[in-house]
Structure formats: structure tokens, C-alpha cells
Student: 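A single structure is presented below for examination.
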Amino acid sequence: MTIFSRALRELLAALSDGKRLDELHPQWSRLLAALVGNYPADASTLMVSVEGGLQPVAVLGMGHEVCGRRFQLAAHPRLAAIAAHPQVCRFPRDCALPDPFDGLLDADLTHVHDCMGVALRDGDRLLGMLTLDALIPEQMAGIDDEELMAAAELLATCLRLTGQLEDTRSRLNQVLSSEQSASLHSPGWHSAAMARLYESLALVAPTDLSVLLHGETGVGKERLTRYLHERSRRSNGPLVKVNCATLPESLIESALFGHRRGAFSGASRDHRGHFAMADGGTLMLDEIGELPLAQQPRLLRVLQEGEIQPLGSDQPIKVDVRLIAVTNRDLAEEVAAGRFREDLYHRLSVFPLRIPPLRERREDILLLAGHFLEDNRVRLGLANLRLDISAEQALLAWHWPGNVRELEHTLSRAALRAMGEARPESRRSAVVCIGIKHLDLPVETGSSDVEPAADRLSTPDCPPPVVDNMLSLREATDTFQRHHIEQVLAAHDHNWAASARALDMDSANLHRLGRRLGLK
């Protein structure tokens with residue numbers, strides 16, 4: 001229990017430092033490994049209940065992208081059966097229910113043949129779930145149910161403790177700010193850049209301060225606008241989105257501020273305008289950098305006075321609007337070039353937030369990939385959808401000029417191509433694997449500041465092994481992994497924990513892989 005106690009202390013210390021439950025993947029993984037890492041399972045997960053399903057916060061024996069998936073109980077009958085079972089739920093080897101992790105445990109897309117799980121509860125409330133899977137039938141038959149229930153109770157206690165700490169912190173934030181609690185449940189980003197961004201979002205969301213979201217095309221500015229609105233005091237009010245780049249210059253005033261009937265030729269009826277539509281809510285001005293210079297003084301006056309005057313009207317109208325301006329331009333440079341008013345820029349950028357491009361937060365790529373893979377699995381009606389190792393390396397090596405949007409579209413196309421190769425009669429029950437050929441990324445994978453995947457896997461002192469072309473893919477993969485792990489172990493004096501850190505792997509996963517490859 002020493003390892004468990006240490007893992008629990010690390011978890012509670014991280015929570016005391018202000019981290020949220022869904023940001024603690026390393027701590028949860030160590031806790032999971034301490035409790036079930038020695039069981040004869042090929043994979044295990046700790047999932048927490050979220051709106052609409054279960055979200056993994058720790059996995060052993062599977063890739064990081066699994067943590068980006070959300071498992072709906074209605075779509076996964078085995079998980080629903082575990083959730084309804086009062087004790088350890090074991091599935092017979094001939095169970096026809098599909099396993100949510102079929103094809104995710106090894107390179108051969110093997111289906112799970114031994115599965116068990118325990119629902120983690122607080123009374124009647126489902127807190128989460130512990131699952132264990134194995135590729136060989138009856139592989140986990142020797143696991144003692146009472147021992148597993150004891151481990152599950154410990155995990156449930158940990159979830160209750162972390163939940164209580166989060167609730168206490170949320171109430172404290174509410175008392176101190178006299179605002180709606182700023183505690184956010186972010187997607188559990190792995191990168192420090194996104195963690196910092198969400199901390200800033202938590203700070204500004206409950207206020208009425210104007211926010212300037214700036215970042216490259218495709219980084220998710222509209223999603224973050226919606227995120228801010230939903231966590232503001234105006235969440236019950238309207239969220240109105242306007243793309244300034246699509247507004248004809250002659251109609252901008254009418255579109256934003258409204259007009260009265262007869263104000264100009266063709267004005268056959270009154271029009272409210274976007275500011276009036278957003279009264280009591282949030283107005284998103286997308287591509288604000290495209291707003292013509294001649295139209296900017298009117299917008300500045302509205303922001304200063306809090307009132308609009310529709311075209312054709314001599315009476316101003318008070319509006320209560322929280323403004324979120326969005327741009328992929330550097331407005332400071334636009335001001336210096338004379339294309340944007342400095343006073344308007346300062347009015348808009350009361351609280352500026354830069355959204356980092358995907359190439360600056362590579363730790364999140366596989367997490368996002370898991371989310372998009374699950375979306376495509378559902379959309380295409382597949383049993384499961386995964387990436388092979390070559391595809392994962394290509395995703396991590398590419399510099400993503402189109403950011404998250406490009407990643408989403410790339411995986412959607414790849415999923416369709418990979419499904420097209422499956423036999424028509426087996427598509428709906430197939431585990432489809434996306435390879436590098438399905439991604440169809442440009443040959444020059446990566447920018448000048450990105451180390452190619454091949455260079456990261458070898459060094460001049462550690463050449464890759466010569467692989468026999470007659471070997472199967474599984475045998476060739478095992479040969480490479482065995483050689484690479486041996487080299488890393490030698491470089492770290494055969495310290496498995498240090499080697500796991502160097503390989504960016506969970507220590508329990510490395511021990512399990514080492515046993516399978518005959519290294520232990």
C-alpha cells in the first residue's frame with residue numbers, strides 16, 4: 001500500500017494546488033497502476049462520470065488518445081451492464097455484446113476476449129467505472145472479486161475526495177467573487193499552454209469584461225466563445241454570432257445596429273440589428289479585423305455609450321451586451337499600419353487571450369484525435385476506429401497549419417478511406433485501423449522547427465534494427481520495440497522508471513510490454 005499511499009498523496013497535493021479532477025492524468029494513472037497494475041489484464045481504465053457518459057482519466061495498456069474519447073452508456077451495452085451491476089461484472093467468453101475497447105489493445109486489432117468491470121458509486125450516484133480487459137479467454141479468471149471490489153472502493157473514495165475538494169473550491173470562489181462560480185471543467189488538456197488558457201477563461205468568464213480572442217485560423221475561437229458564454233451570468237441570454245468579413249460595407253450599420261422602415265431604398269420593414277438581438281446576452285464579432293476603418297467609429301461609440309441608434313431613427317436605444325471580439329490578425333500590427341483604430345483596439349482588448357496553435361501544444365494532438373475518432377466511429381457506424389503507430393507518429397510530426405480544424409477534417413477523411421478498404425459485409429462490425437496512407441498528409445511532414453518522427457526514434461549511436469522483410473507486421477513491430485527499449489534501458493542503467501519517463505510511457509505499461517517482449 002506504500003505505492004498507493006504515495007500516489008494518493010500526489011493526487012491530493014495536485015488538487016490542493018488548484019488543478020481540476022480532469023487535469024490529473026499522470027496522478028490518476030499512478031493511482032490506477034498501484035491498485036490494478038499487477039493484475040493479469042492487458043488493459044485497464046479508470047473513467048469518471050461526465051454529462052452524457054464516461055470519460056477516461058487514466059488508462060493502462062492503451063494509447064493516450066483513448067482519454068480523448070467519451071463513452072456514451074447508451075452506445076456501449078457492456079459499460080451499461082457494468083454500471084447497472086452491484087458488484088464485479090464479468091462477461092462470459094461467448095458474450096455477443098461489443099467491447100468498447102475492441103481493437104485498441106494491440107497492433108493486430110484483436111477483439112477483447114476477457115472483460116470485467118466495477119461501477120464506482122457514492123450511494124446510488126455513479127461516480128465512474130473501473131474496467132479490465134484481456135486478449136486471451138479466461139486470462140483474468142484468477143482475479144479475486146473481493147480484492148477487486150476493495151480496489152474499486154478505494155478508487156471510489158478517491159473520486160469522492162477529489163469531488164469534495166472541487167466543490168469546496170467552487171463554493172469558495174463563488175463567495176469571494178460574488179459571481180457565478182468560475183470553476184470550469186475543461187477537456188483535461190495535457191499541454192501547459194491550454195491549461196493556462198483555461199485558467200484565464202475561468203477568471204474572466206463570470207465577468208462582463210470585453211474579451212479579445214486572437215489566434216490562427218482553425219484553433220477553435222468560436223468554440224471558446226461559446227464556452228465563455230455558457231459559463232457567464234448571461235448564459236440564459238442569447239449568443240449572437242456575426243462574421244464581419246461577410247458583411248457588405250454598405251449594410252454593416254444596418255446589420256449591427258438595425259434600421260427603421262423607409263431608412264433607405266429597400267428598407268420595407270424595421271430591422272433590429274445584431275446588437276439588439278444580443279441584448280442581455282453575448283455578441284461575438286468574428287473577424288473583427290476585417291471591419292472597414294470607416295465603420296469603426298460607430299462601433300466604438302456603441303461600446304462607450306452602451307446604446308445604439310438604428311438607421312432612420314432619432315432615438316437611441318440602450319443595450320446590455322457583453323462583447324467577444326475574435327480575429328486571426330494581429331490587431332496591434334493593424335493599428336501600427338493605420339488599418340485599425342487604436343482607441344477601438346484598446347476598447348476591445350480589455351482582456352486579450354491568445355489561443356495557441358496546435359504545433360505549440362503537441363501533447364494535445366492524440367487527445368483531440370481520440371475525440372474525433374469517436375465522433376467518426378459513431379457517424380460511420382463502426383465497431384471501433386483507431387490509429388496505427390505510423391499514423392500516430394505522422395500526426396505528431398505534422399505542423400498543422402490549419403490547426404484543430406485541419407486535424408478534424410484529416411481524420412474524417414482518413415476514417416472514410418480506411419472504412420472503404422474493409423469488406424462491405426463486415427464494415428459495421430469491423431475494427432477499422434487508420435494508417436499513414438489514409439491520412440494523406442504532405443510528404444514534408446513537419447516544419448523546420450519540428451524534429452521528424454524518424455529522427456526521434458533513433459540516434460547515430462542507436463541505429464534502428466534491420467528488420468527481416470519476411471516477418472509479419474506484429475513480429476517486425478515487436479523486434480523494433482524490443483531493440484529500442486533495450487537501448488533506452490541501457491542508457492538509464494536498466495532503471496525501468498527512468499526509462500518509462502524517457503519513452504513518455506506509463507511505468508506499468510512499460511513493465512507489461514517488457515514482460516510480453518521477453519525483456520523481464
Side-chain angles (χ1 to χ4, degrees), residues 22-26 28-29 32 42-48 50 53-72 75-76 79 99-110 112 131 133 186-191 194 220 358-359 361-380 382-398 400 403-415 418-419 431-436 438-439 441 445 453 456 477 481 503-506 508-510 512-513:
D22 53 359
E23 296 177 323
L24 303 171
H25 295 286
W28 283 122
S29 294
L32 182 63
D42 291 309
S44 56
T45 69
L46 171 61
M47 295 188 278
V48 298
V50 293
L54 294 162
Q55 183 91 39
V57 292
V59 297
L60 301 176
M62 290 183 286
H64 292 309
E65 58 90 1
V66 175
C67 288
R69 303 185 183 220
R70 180 167 293 188
F71 296 90
Q72 308 286 341
H76 294 285
L79 297 182
D99 191 282
F101 306 115
D102 276 340
L104 300 183
L105 272 63
D106 69 355
D108 294 331
L109 309 185
T110 309
V112 170
T131 68
D133 290 279
S186 76
W189 301 109
H190 289 174
S191 67
M194 287 302 286
L358 197 52
R359 64 181 176 275
R361 50 187 186 101
R362 295 183 180 278
E363 306 95 318
D364 296 330
I365 290 177
L366 294 184
L367 191 71
L368 288 163
H371 172 75
F372 296 137
L373 288 173
E374 183 65 13
D375 282 351
N376 281 283
R377 184 198 69 79
V378 173
R379 180 172 57 84
L380 298 174
L382 299 171
N384 225 326
L385 184 63
R386 63 168 291 177
L387 300 167
D388 71 13
I389 188 64
S390 69
E392 285 191 1
Q393 291 174 351
L395 293 181
L396 292 170
W398 182 236
W400 300 110
N403 293 293
V404 178
R405 185 182 301 138
E406 182 187 2
L407 175 63
E408 179 182 10
H409 294 168
T410 295
L411 289 174
S412 295
R413 292 191 297 269
M419 188 187 75
V431 176
V432 173
C433 188
I434 294 174
I436 190 170
H438 303 120
L439 297 175
L441 291 171
T445 53
R456 293 197 303 269
T477 301
Q481 288 183 324
L503 291 165
D504 193 24
M505 288 184 67
D506 177 81
N509 286 350
L510 180 59
R512 189 178 294 109
L513 180 59

Student: Just verifying a value: how many Å separate Glu392 CD and Ile365 CD1, rounded to the nearest 0.5 Å?
Tutor: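 Reported value, rounded in 0.5 Å steps: 11.0 Å.
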Student: Output all residues satisfying side chain to side chain contact (heavy atoms under 4.5 Å, CB included) with His76, sequence neighbours left out; order by chain, then residue number.
Tutor: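 His76 satisfies side chain to side chain contact (heavy atoms under 4.5 Å, CB included) with Phe71, Leu79, Pro100, Glu374, Arg377 once adjacent residues are dropped.
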Student: Show your reasoning for whether side chain to side chain contact (heavy atoms under 4.5 Å, CB included) applies to Leu407 and His371.
Tutor: CA-CA 11 Å; Leu407 175 63; His371 172 75; over 6 Å; no
Student: Just how far is it from atom NE2 of His438 to atom OG1 of Thr410, taken to the nearest 0.5 Å?
Tutor: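 Atom-to-atom, His438:NE2 and Thr410:OG1 are 14.0 Å apart.
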Student: I need the single residue from Thr131, Val57, Val66 that forms a side chain to side chain contact (heavy atoms under 4.5 Å, CB included) with Met47. Which is it?
Tutor: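 For Met47, the side chain to side chain contact (heavy atoms under 4.5 Å, CB included) check succeeds only for Thr131.
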Student: Looking at Ala418 and Cys433, what are the two nearest heavy atoms and their distance?
Tutor: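 Between these two residues, the closest heavy atoms are CB-O, 3.8 Å.
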Student: Nearest 0.5 Å please: distance from the CG atom of Asn384 over to the CZ atom of Arg69.
Tutor: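 So the gap between those two atoms works out to 5.0 Å.
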Student: Are the side chain of Trp400 and the backbone N or O of Leu395 linked by a donor-acceptor pair below 3.5 Å?
Tutor: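 Yes; at least one donor-acceptor contact below 3.5 Å.
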Student: Closest heavy-atom contact between Leu104 and Glu65?
Tutor: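 The pair with the smallest heavy-atom distance is CD2-OE2, 4.4 Å.
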Student: If only atom types and distance count, is the side chain of Asn403 paired as donor or acceptor with the main-chain N or O of Arg405 below 3.5 Å?
Tutor: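 A pair under 3.5 Å: no.
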Student: Rounded to the nearest 0.5 Å, how far does CG of Asn376 lie from CD of Glu408?
Tutor: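 Result: 8.0 Å between the selected atoms.
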Student: Quick one: does Arg70's side chain have a donor or acceptor within less than 3.5 Å of a partner on Gly53's backbone?
Tutor: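 Looks like no, no N/O pair under 3.5 Å.
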Student: OG1 of Thr45 to CG of Leu54: how many Å apart, nearest 0.5 Å?
Tutor: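 If I round to the nearest 0.5 Å, the distance is 8.5 Å.
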Student: Taking all non-hydrogen atoms of both residues, which atom of Ser29 and which atom of Leu60 are closest, and how far apart?
Tutor: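 Smallest interatomic distance, heavy atoms only, reads O-CD2, 4.3 Å.
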Student: Do you know which two heavy atoms are closest between Met62 and Leu105, and how far apart they sit?
Tutor: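 Here Met62 and Leu105 meet closest at SD-CD1, 3.8 Å.
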Student: Search all heavy atoms of Ala415 against all heavy atoms of Leu385 and return the closest pair with its distance.
Tutor: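 For Ala415 versus Leu385, the nearest heavy atoms are CB-CD2, 3.7 Å.
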Student: For Ile434 and Ala391, work out which heavy atoms get closest and say how close.
Tutor: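 For Ile434 versus Ala391, the nearest heavy atoms are O-CB, 3.4 Å.
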Student: How many angstroms lie between CG in Leu368 and CG in Leu411, if you round to the nearest 0.5 Å?
Tutor: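 With rounding to 0.5 Å, CG (Leu368) is 9.5 Å from CG (Leu411).
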Student: With side chain to side chain contact (heavy atoms under 4.5 Å, CB included) as the criterion, how do Phe372 and Val404 come out once you've worked through the C-alpha distance, each side chain's angles and the decisive distance to 0.1 Å?
Tutor: CA-CA 10 Å; Phe372 296 137; Val404 178; 3.8 Å; yes
Student: Side chain of Asp42, backbone of Asp133: donor and acceptor closer than 3.5 Å?
Tutor: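 The answer is no, because no donor-acceptor pair under 3.5 Å joins these two groups.
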